[in-house]
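Every number for a ligand or one of its atoms is a count from 1 in the order of the listing.
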Amino acid sequence: MTALLTTQGLQAFYGDAQALFGIDFELAVGELVAVIGANGAGKSTFLKCLAGLVRAPREAVRFKGEAIGGLPAGEIVRRGLALVPEGRRLFPSLSVEENLLMGATTRRSGPWNLARLYALFPILQEKRRQPATSLSGGQQQMVALGRALMSNPELLLCDELSLGLAPIVVREIYAAMPTITGEGMTVVIVEQDVTMAQRVSQRIYCLQEGRVSLQGRSDALTRGQIAQAYFGV
Ligand SMILES: Nc1ncnc2c1ncn2[C@@H]1O[C@H](COP(=O)(O)OP(=O)(O)OP(=O)(O)O)[C@@H](O)[C@H]1O
């Protein structure tokens, strides 16, 4: 396996409180990997460490062979990682299209542009001049995903795309994943919906209290194994 990203013994802290206790993680080019776990398990912290939003030791995170832990978030975007943050964090005063274009400020060369995005999510073209926050939750999630794609990342990190959305909307958003990975993009999703995580990913890591409690091929893990790793029962 050609590793695109690895973490080795990754630890993270908020002040004196330790959130991650030595995460070993490996991701191959073109994979879609899901990170699951209960509330507070450390999933968001893990993604934030990769994206430079929570401090990580330099050598603990390697992307394309280079140590990137603790680099500024903007530098990490330039190197090809983009994060779709939990809660979307759209710019409320900007239109849909302006929000999408914000993702292009650190634009790398690649297939994603406004036309491609509008083909993926036609509703965004229809609503492109509306304030982004006037859209439904699912449409706002499409904007957040589109904004990240506009930087043409090699690795897309998605934090709880399904949060607060109806199941049918979640399915609609995840239906875009084969198109996104189809051109070789590598994706990590953090997902509380275990059924969806298992369905869309090739491999799963389960976190529990800041540690990896289970990992394996998504189609090989049983419900019992996942329940035990999730809740520690
Ligand atoms: N900004 C912060 N300051 C202090 N502690 C934090 C902060 N953010 C997270 N934590 C703590 O770090 C641990 C991991 O939290 P994290 O948000 O990464 O978990 P999570 O698995 O993403 O949970 P959720 O599904 O609720 O988002 C928790 O104990 C949490 O209380």
Under 4.0 Å to a heavy atom of [X] - the qualifying atoms of ligand 1, by number:
{"X": "Q192", "value": "25 (O)"}
{"X": "N39", "value": "23 (O), 24 (P), 25 (O), 26 (O)"}
{"X": "T45", "value": "14 (C), 15 (O), 16 (P), 18 (O)"}

Checklist line | Closest non-hydrogen atom pair between L135 and Q140, with its separation | finding: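 Minimum heavy-atom separation between L135 and Q140: O-NE2, 2.9 Å.
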
Check: Considering only protein heavy atoms, which is closest to atom 12 (O) of ligand 1, and at what distance to one decimal place?
Finding: Y14 CE1, 3.4 Å

Checklist line | Heavy atom of the protein closest to atom 27 (O) of ligand 1 (residue, atom name, distance) | finding: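 For atom 27 (O) of ligand 1, the nearest protein heavy atom comes out as E86 OE1, 3.5 Å.
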
Check: If we only count N/O pairs under 3.5 Å, is A19 in contact with ligand 1?
Finding: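 There is no such contact.
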
Note to self: If you measure every N or O of A41 against every N or O of ligand 1, does any of those distances drop under 3.5 Å?
What the structure shows: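 Yes, A41 has an N/O under 3.5 Å of an N/O on ligand 1.
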
Can [X] and [Y] be counted as an ion pair, charged N to O under 4.0 angstrom?
{"X": "E154", "Y": "K64", "result": "yes"}
{"X": "E75", "Y": "R79", "result": "yes"}
{"X": "E97", "Y": "R129", "result": "no"}

Check: Any protein heavy atom lying closer than 4.0 Å to atom 10 (N) of ligand 1?
Finding: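 It does; a protein heavy atom is within 4.0 Å.
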
Margin query: Is atom 30 (C) of ligand 1 touching the protein, meaning some protein heavy atom lies under 4.0 Å away?
Written below: no

Note to self: Can you confirm whether T7 sits close enough to F46 that some side-chain heavy atom of one is under 4.5 Å from a side-chain heavy atom of the other?
What the structure shows: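 Answer yes - side chains close enough.
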
Check: Is the closest side-chain heavy-atom distance between T186 and L156 below 4.5 Å?
Finding: no

Margin query: With a 6.0 Å cut-off (strictly less than), is the heavy-atom count around CZ of R58, excluding the residue itself, greater than 12?
Written below: yes

Check: Among S44, C49, G37, which one has a heavy atom closest to atom 17 (O) of ligand 1?
Finding: S44

Next item on the list: Give the single entry among G15, G40, G42 that approaches atom 23 (O) of ligand 1 most closely by any heavy atom.
Entry: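 Checking each option, the heavy atom nearest atom 23 (O) of ligand 1 is found in G40.
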
Next item on the list: Would you kindly specify which portion of A38 sits under 4.0 Å from ligand 1, judged on non-hydrogen atoms: side chain, backbone, both or neither?
Entry: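 For A38, only backbone atoms sit under 4.0 Å from ligand 1.
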
Next item on the list: Please state whether A17 comes within less than 4.0 angstrom of ligand 1, counting heavy atoms only.
Entry: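 Heavy atoms of A17 never come under 4.0 Å of ligand 1.
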
Check: Does ligand 1 have any atom sitting under 4.0 Å from a heavy atom of K48?
Finding: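 Not so, K48 does not reach ligand 1.
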
Checklist line | side-chain hydrogen bond (donor to acceptor under 3.5 Å, both in side chains) between S44 and E86, worked out | finding: CA-CA 8 Å; S44 294; E86 186 175 356; 3.0 Å; yes

Check: Which is it for S201 and R217 under the side-chain hydrogen bond (donor to acceptor under 3.5 Å, both in side chains) test, yes or no, and what are the steps along the way?
Finding: CA-CA 9 Å; S201 67; R217 288 200 56 83; over 6 Å; no

